[in-house]
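Report on the following structure.
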Amino acid sequence: MDAQWSKEVSQVERQDLVMFINACLSCTRQREFYSNHYGTGVSLDFLHDYILGNYRLLYARTLAAGINHFNRAQIILKLLATGRDTSPEHRQEEGALIAAALNQLPPQRAWKVLAEIRRRGINNRRSRAVVRDYIQSRRDISFQAVKYRAKLRAVAIHNHLKLERELAAFLFDPTKIKAYQTAIFEDFRKAKYDREAIYALPVTVAEGFAAQHGIKREIFLDRIQQQMTPGEKLRLQKTANRGKQEIAVDLAQMPLTKLALYVLSLSRAERGDRFAILDDALDSAARRTLQRSPLHLGRVATVLDCSYSTSGSSEKRRRPLGIALAAHYLLKAAAQEYRAFWTVPQPEALLVTPRGQTDLATPVLDALEWGADLVAIVSDGWENDPPGGAAQVLEIYRTKLDVQGQTAIVHCNPVFDSDDFLLRSLTPAIPTVGLREAEDLPTLLGFARFAEGAAELADLEAYLAAKVRQLLGEEQDG
């Protein structure tokens with residue numbers, strides 16, 4: 001009786017952790033097609049507090065599980081706010097995980113975390129050490145001081161940081177020094193009266209000075225392009241186009257999922273005109289991803305949802321469809337043989353648009369009939385043409401035709417279901433994993449066995465422990 005009870009407890013714990021990791025892979029508290037911002041936020045906050053309160057060690061180790069940036073930030077904040085609850089034997093590991101995860105966040109997200117520490121009134125020895133070490137490790141702290149000046153100043157006050165003389169003067173009394181030795185500080189000082197100096201500053205800072213000097217928008221955008229990051233070029237491109245100003249977007253530098261979303265933002269006619277260039281860019285981005293995260297597959301079939309719900313929401317425009325398109329290129333590059341089956345058949349994947357009902361049963365049948373080693377289904381799981389059709393096909397296939405599981409089948413869901421605190425599953429017969437970026441597919445295919453329910457809690461704990469060693473090892477090597 002005790003053994004059975006222990007087994008059931010372990011199963012519940014495994015299900016809790018899988019549910020949480022899946023949420024952290026897919027959800028960012030933004031509005032989805034079928035759910036609003038408030039419901040998603042409440043559900044996600046509950047999951048964070050529940051896992052933190054019941055499985056603190058594994059909650060911290062989730063930082064190494066490849067989760068998205070938003071949830072990494074939330075875990076860092078919650079761990080720092082509750083440091084007194086950390087057991088002594090895990091304090092060192094938890095601190096190292098927090099530092100490593102913070103260092104791997106993009107700068108704008110990391111500074112937002114540091115500013116949020118101040119806003120929440122988190123002020124303990126560990127939080128101050130984390131903030132101090134992060135700032136000291138920035139090789140480009142002068143650039144970041146200019147770009148995130150208000151945040152750095154607030155963080156320095158809150159944590160009583162001792163700063164280098166010019167940096168402290170720039171943040172708190174910029175007129176104290178008549179001429180800075182640090183080039184970017186001097187450019188910032190000159191920008192108040194010298195129009196040329198603004199073009200050496202970060203774009204977001206230079207925009208303010210350009211407005212003060214009355215510089216025409218098209219002239220400013222033309223001359224500041226060398227300072228733009230790929231993300232800033234995408235953000236500013238549409239406003240530039242309205243003024244008939246070209247901003248050259250370097251497709252070769254864009255990550256796969258962002259590139260897919262950019263492609264989908266273009267009209268179908270424009271995609272057709274630039275087909276060869278865009279197709280080559282997506283293929284190259286997929287291969288760059290595989291260089292960083294190798295994935296070698298045999299015969300692969302994808303079932304890709306392009307129904308109307310993949311148009312996403314006002315906050316996540318076309319994101320589910322963009323992930324499907326990016327996954328298509330990634331798995332095609334990783335496979336020896338490959339075929340894609342869309343819910344609405346497409347002559348060319350690059351020209352896909354969100355439309356129609358969700359018929360997953362037909363492409364699932366086609367994929368299974370083709371005889372793939374791996375069938376990857378990318379869909380939000382809301383099938384309605386007919387309802388439950390794919391679920392019945394998959395259950396019969398798994399229980400009657402492929403009992404040994406020779407064909408691996410995984411459902412990758414880019415959408416969090418806030419009503420049920422989890423990802424909408426097609427059927428318990430196949431695993432469902434969260435997918436926010438197509439670049440995460442190599443990691444998620446390894447995680448799928450835990451979502452399927454075949455692995456034990458001990459296996460999941462070992463998996464997370466291995467991910468922790470890998471993350472901390474990379475941080476030390478870096």
Side-chain angles (χ1 to χ4, degrees), residues 69 102-115 131-132 134-157 161-255 258-259 262 478:
H69 294 152
L102 184 63
N103 284 333
Q104 290 193 348
L105 286 176
Q108 69 274 16
R109 291 187 178 273
W111 284 108
K112 189 174 181 179
V113 169
L114 300 188
V131 173
R132 180 200 64 220
Y134 178 81
I135 292 175
Q136 289 179 350
S137 68
R138 298 305 93 191
R139 297 175 183 175
D140 59 344
I141 189 61
S142 299
F143 177 86
Q144 294 196 24
V146 172
K147 190 169 185 177
Y148 307 106
R149 187 182 178 206
K151 288 186 173 68
L152 177 51
R153 182 169 54 214
V155 165
I157 293 171
L161 297 178
K162 293 182 179 180
L163 303 174
E164 181 267 331
R165 175 176 171 270
E166 282 203 345
L167 176 58
F170 174 76
L171 292 177
F172 299 104
D173 189 6
T175 61
K176 182 178 180 180
I177 296 179
K178 300 302 180 183
Y180 287 94
Q181 297 298 312
T182 306
I184 195 168
F185 292 167
E186 182 64 9
D187 289 327
F188 183 92
R189 186 186 68 82
K190 288 181 178 179
K192 295 180 181 179
Y193 58 85
D194 183 355
R195 288 185 170 207
E196 293 301 313
I198 72 173
Y199 297 109
L201 300 175
V203 174
T204 51
V205 178
E207 281 181 307
F209 284 115
Q212 290 178 24
H213 288 296
I215 299 174
K216 291 184 177 180
R217 184 70 172 172
E218 58 270 22
I219 296 174
F220 170 73
L221 291 177
D222 182 58
R223 296 196 57 190
I224 199 67
Q225 286 194 43
Q226 73 277 4
Q227 293 293 96
M228 292 182 185
T229 65
E232 287 169 337
K233 287 184 177 181
L234 283 179
R235 176 175 63 85
L236 294 169
Q237 187 185 51
K238 288 187 177 180
T239 58
N241 287 344
R242 286 199 294 267
K244 297 182 179 181
Q245 175 67 40
E246 288 293 327
I247 291 183
V249 176
D250 188 354
L251 302 181
Q253 292 185 14
M254 294 178 64
K258 283 190 177 180
L259 179 57
Y262 166 72

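One is the number of the first residue; the rest follow in order along the sequence.
Residues E164 and E166 share a closest heavy-atom pair of OE2-N, 3.1 Å. Contact record, A200 with Q227: O-NE2, 3.1 Å, taken as the closest heavy-atom pair. Closest of all the heavy-atom pairs between I224 and I198 is CD1-O, 4.0 Å. Smallest separation of non-hydrogen atoms from F209 and K192: CE2-CG, 3.8 Å. Of all heavy-atom pairs spanning D173 and Y180, the tightest one is O-OH, 4.3 Å. The minimum heavy-atom distance between R138 and Q144, with the atom names listed, is CD-NE2, 3.9 Å.
Atoms OH and CG, from Y262 and L251 in turn, are 6.0 Å apart once rounded to the nearest 0.5 Å. Of the inter-residue distances, the one linking L114 atom CG with R109 atom CZ reads 14.0 Å to the nearest 0.5 angstrom. Within the model, atoms CZ of R223 and CD1 of I215 stand 8.0 Å from one another, a figure rounded to the nearest 0.5 Å.
Here the side chains of V155 and I135 are in contact, with some heavy-atom distance below 4.5 Å.
Ion pairing of R217 with E207 is present here, as a side-chain N (NZ or NE/NH1/NH2) and a carboxylate O approach within less than 4.0 Å.
The closest donor-acceptor contact from the side chain of H69 to the backbone of A110 lies at 3.5 Å or more, if one exists at all. Between the R132 side chain and the L161 main chain, no donor and acceptor come within less than 3.5 Å of each other. No donor-acceptor pair under 3.5 Å is formed between the side chain of E186 and the backbone N or O of Q181.
Between F170 and F185, the two ring planes are parallel [angle under 30°; tilted spans 30° to 60°]. Ring geometry, Y148 versus W111: the interplanar angle falls under 30°, so the pair is classed parallel (tilted spans 30 to 60°).
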